[in-house]
Amino acid sequence: MPENVQHIVMWLIPLAPLAAAIVTALLGPGGMREKSHLPCWFGLAVAVVCAYVLLWSIVPAGFAEGGSAAVVAPGYQWLDIGGMNIKLDLRADAMTAIMLSMVTLVSLLVSVFAAGYMHGDPGYPRFFACFSFFVFSMCMLVLSSSFLELFIFWEGVGLCSYLLVGFWYQKPSAAAAAKKAFVVNRIGDFGFLTGIFLVWTTFHSMDFSAVLGHPEQIAQIAADQPGRITTICLLLLLGAMGKSAQFPLHVWLPDAMEGPTPVSALIHAATMVTAGVYMIARCTPLFVHSQTAQIVVSCVGGVTALIAALIALTQNDLKRVLAYSTVSQLGYMFMALGAAAAGGDAVTLGVTAGMFHLYTHAFFKALLFLAAGSVMHSMGDVIDMRRFSGLRRALPITHWTFLCGAVALAGVPLLSGFWSKDAIFASLYTAAHVPGLETYFWLVFLSAVVTAFLTAFYTFRAYFLTFWGEERFPEEAGHHPHDAPPVMALPLRILAIFALFIGGVAALSGWFGGYLNHAIGLAAVEEEGFSAGLVTVSVAVVVAGIGLAWIMYVVAPKLPARVATAFGPLYQASLNKFYFDEIFWGIIVAPLRALAWLSSWFDRSVIDSIVDGLALVPRLFSSVPLIFQNGRLPSYAMVMWIGLLVCLAFAMRLFAN
């Protein structure tokens, strides 16, 4: 394929959704309205086709040359000041191509579902304009060629999440959730921006090729200034913790459920929360020179995965269960990325496992959220699992597709989640046998195993509570709730197929690892086969989790109430999300509000009093009758002449001396 055609294909991936956003924003509120989804569908379809051309043709063309094959599509010169030369170019390698193939395809399927879900909403054009711009920002983030470009579109996806989480801004809870997401992410973004500044001062460049493409330069800096590389990595990690909702900056993501369900599917599966994982994986050449930073990455992931899974056990809102599941699964990805601390081949194996789980998770989590949206759509916007049950007969399409997502998320053998989760187990098990790292990674491995059991349990708790038991509908649903209409059912069916089989196809063919190892910082390695012991542990915890959920919510449905009573304080702690919101309120929000009140009082009582006092001086003089302040033009002219004469006299005296 000619080089100029390659560049056009690369630029079409982000520009097609951008064009869709502009067209929808301009024409949607007018005559287009109920057809506002069409530009979005067309733009995303173009992006999907171009992303797969990039995946199958453009990037692999450079694999034969060895190393990290990357294609750069020139854009334009943005800044050239002193030693700072910033170009907005597009850069694509194996990691970029894999991410884009997932982001564009899942986004297209979610947008098709959204056309049915959002039908009749007054903000229909605004929704699809923001949706298209969200996909544009994420594509540009993934295609960025420098840290600064990455940060610009990092903030772009943050803006879009704010607009879409608070889409129904008339609802106080939606407006509050949007602000919470925006503010919490500013904490992480402060660390990310500081890390980028340190990258600039250390490497005198922010271009990925210049910073990450010279391992010998990084090794030399790490030898001369070991603390500098560790500091950069920890600051970048702080940014990733905000975007990917890692402990303790995870509190914004569950509240983001206040937005429309397709938004939840988009954020949790394909766009915003995956940005942090992608950024850490992209910066692997830096992280491999800081074992400390990698241990922190893995430990943060382990703590996040376990805490989020424990909270998901007791939630009654179906979408909130899935939200905490996303937080937990992102923790799995961070565990794998940190397992690269073992060095050697473990670097490629750990990063590959983390990215593989990101890839498979996108499909089954998008499926689960859209199926939950179908339940909500049928139940008259009710999503509290205590108010309905036995929906498998009334909603057969939703039931079977949700079940496909549930078995994939739980890690049932030979389905997608099984392959990617066990790859993470293997990477952690390998790291736990490296001298000096045993304590850290055995604890992280234990966290991963316990989380796998909890994941199977809370996933099937939600499934059994929703689709099994006595058939009950809330009054908002009417007497005959309807299943997903064709425009919503089609994406559910397609995602169900991907959720079941994409992991097995990628793992058994060796395609994913063999492709991703061409990314910068990774290398071709001999992938280890699955250990019989690890597979046994994995299958055992999954079967135990699903079996326990079956017993508690199907065989003996009164048992959960007795268990909740027996575990009183622990149950309440999980139900109340371990009081993280209250803790944040006490240590951050309340003190800042007190400081804001004090500042406001000081401004009104002290600053304003001083200003008002100074204003009294001319008012006092204005009350004194002056001969020249009489409203007559000759008097004012005489005052001007007197002033001019005084100035001339002063100047002559100055020159005379």
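Because the structure is predicted, anything quoted here is derived from the model rather than measured.
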Next on the checklist: For Thr455 and Gln329: C-alpha separation, side-chain torsions, deciding distance, then whether side chain to side chain contact (heavy atoms under 4.5 Å, CB included) applies.
Outcome noted: CA-CA 9 Å; Thr455 300; Gln329 297 305 303; 3.6 Å; yes
Checklist entry - Quick one: do the Lys87 and Ser145 side chains pair a donor with an acceptor below 3.5 Å? => result no
Checklist entry - Where the side chain of Ser244 meets the backbone of Gly276, is there a donor-acceptor pair that is under 3.5 Å apart? => result yes
Checklist entry - Less than 4.5 Å apart, any side-chain heavy atom of Arg493 and any of Ile397? => result yes
Checklist entry - So, Arg282 and Thr96: side-chain donor and acceptor under 3.5 Å apart, yes or no? => result yes
Checklist entry - Which pair of non-hydrogen atoms, one from Ile267 and one from Ser161, has the smallest distance, and what is that distance? => result CD1-CB, 4.2 Å
Next on the checklist: Assess the residue pair Asp384 and Lys319 against the criterion (salt bridge (charged side-chain N to carboxylate O under 4.0 Å, His left out)); give the C-alpha distance rounded to whole Å, side-chain angles, the decisive distance to 0.1 Å, and a yes or no.
Outcome noted: CA-CA 9 Å; Asp384 188 333; Lys319 286 175 62 178; over 6 Å; no
Checklist entry - Hey, does the side chain of Arg126 reach the backbone of Phe167 with a donor-acceptor pair shorter than 3.5 angstrom? => result yes
Checklist entry - Can you tell me how far the CG atom of Leu500 sits from the OG1 atom of Thr360, to the nearest 0.5 Å? => result 12.0 Å
Checklist outcome for this item: What one should report as the nearest heavy-atom pair of Cys233 and Ala293 is CB-CB, 3.5 Å
Item to check | Results of ring-ring contact (aromatic ring centres under 6.0 Å, His included) for Trp41 - residues two or more places apart only | outcome: His37
Checklist entry - So do the side chains of Phe498 and Val106 get within less than 4.5 Å of each other, counting heavy atoms only? => result no
Next on the checklist: Using the ring pair (Phe, Tyr, Trp, His ring centres under 6.0 Å) definition, which of the options Tyr324, Phe580, Phe334 pairs with His250?
Outcome noted: Phe580
Checklist entry - Roughly how far, to the nearest 0.5 Å, is OH of Tyr278 from SG of Cys283? => result 9.0 Å
Checklist outcome for this item: To the nearest 0.5 Å, atom OG of Ser378 lies from atom CD of Glu476 at 13.5 Å
Next on the checklist: Does Trp11, at its CH2 atom, have more than 12 non-hydrogen atoms belonging to other residues, nucleotides or ligands within less than 6.0 Å?
Outcome noted: yes
Checklist entry - With a 4.5 Å heavy-atom cut-off, do Leu286 and Leu236 have their side chains touching? => result yes
Checklist entry - Within a radius of less than 6.0 Å around CD of Glu3, do more than 12 heavy atoms belonging to other residues, nucleotides or ligands occur? => result no
Next on the checklist: In this structure, is the centre-to-centre distance between the rings of Tyr359 and Phe356 below 6.0 Å?
Outcome noted: no
Item to check | Non-hydrogen atoms of Ala210 and Ser205 that approach each other most closely | outcome: CB-OG, 3.4 Å
Next on the checklist: For a ring pair (Phe, Tyr, Trp, His ring centres under 6.0 Å) check, start with the C-alpha distance between Phe131 and Phe134, then their side-chain angles and the critical distance, and finish with the verdict.
Outcome noted: CA-CA 5 Å; Phe131 191 103; Phe134 203 167; 7.7 Å; no
Checklist entry - Is the backbone of Cys40 close enough, under 3.5 Å, to the side chain of Ser132 for a donor and an acceptor to pair up by distance? => result no
Checklist entry - Under 4.5 Å between any side-chain heavy atoms of Pro248 and Phe584, yes or no? => result yes
Next on the checklist: For a quick test of reading the model, state the closest non-hydrogen atom pair linking Ile13 to Pro17 and the distance between them.
Outcome noted: O-CD, 3.0 Å
Item to check | Distance (rounded to the nearest 0.5 Å) between Leu395 CG and Phe402 CZ | outcome: 12.0 Å
Checklist outcome for this item: Those residues at least two apart in sequence (or on a different chain) that pass side chain to side chain donor-acceptor pair (under 3.5 Å) with Asp189 are Trp154, Arg186
Checklist entry - Any sub-3.5 Å donor-acceptor pair from Thr24's side-chain atoms to Ala21's backbone N or O? => result no
Checklist entry - Do Thr284 and Leu522 have side chains that get closer than 4.5 Å, going by heavy atoms? => result yes
Item to check | Minimum-distance pair of heavy atoms, taken over all atoms of Ala366 and Ala265 | outcome: O-CB, 4.2 Å
Item to check | Centroid-centroid under 6.0 Å between Tyr124 and Phe128 rings | outcome: yes
Item to check | Residue pair Pro14 / Phe153, side-chain heavy-atom distance below 4.5 Å | outcome: no
Item to check | Output field: ring centroids His361/His268 closer than 6.0 Å | outcome: no
Checklist entry - Should the pair His377 and His482 be assigned to parallel (<30°), tilted (30 to 60°) or perpendicular (>60°) ring geometry? => result perpendicular
Item to check | side chain to side chain contact (heavy atoms under 4.5 Å, CB included) between Ile307 and Ile311, worked out | outcome: CA-CA 6 Å; Ile307 288 177; Ile311 295 175; 4.0 Å; yes
Checklist entry - Would a distance-only check, ignoring hydrogens and angles, find a side-chain to backbone donor-acceptor pair under 3.5 Å from Ser328 to Ser325? => result no
Checklist entry - From Leu141 CG over to Leu100 CG, what is the distance, rounded to the nearest 0.5 angstrom? => result 10.0 Å
Checklist entry - Taking side chain as C-beta onward, heavy atoms only, is Asn185 less than 4.5 Å from Lys243? => result yes
Checklist entry - Do any N or O atoms from the side chain of Ser57 and from the backbone of Leu54 form a donor-acceptor pair under 3.5 angstrom? => result no
Next on the checklist: Please report the interatomic distance OG(Ser416) to CG(Leu409), rounded to the nearest 0.5 Å.
Outcome noted: 11.5 Å
Checklist entry - Out of Phe147, Phe151, Phe197, which residue meets the ring pair (Phe, Tyr, Trp, His ring centres under 6.0 Å) rule with Phe192? => result Phe151
Next on the checklist: Please find the pair of heavy atoms, one from Ile280 and one from Ala240, that lie closest to each other, and give the distance.
Outcome noted: CG1-CB, 3.7 Å
Checklist entry - Below 4.5 Å, heavy atoms only, C-beta onward: do Leu148 and Trp78 meet side chain to side chain? => result yes
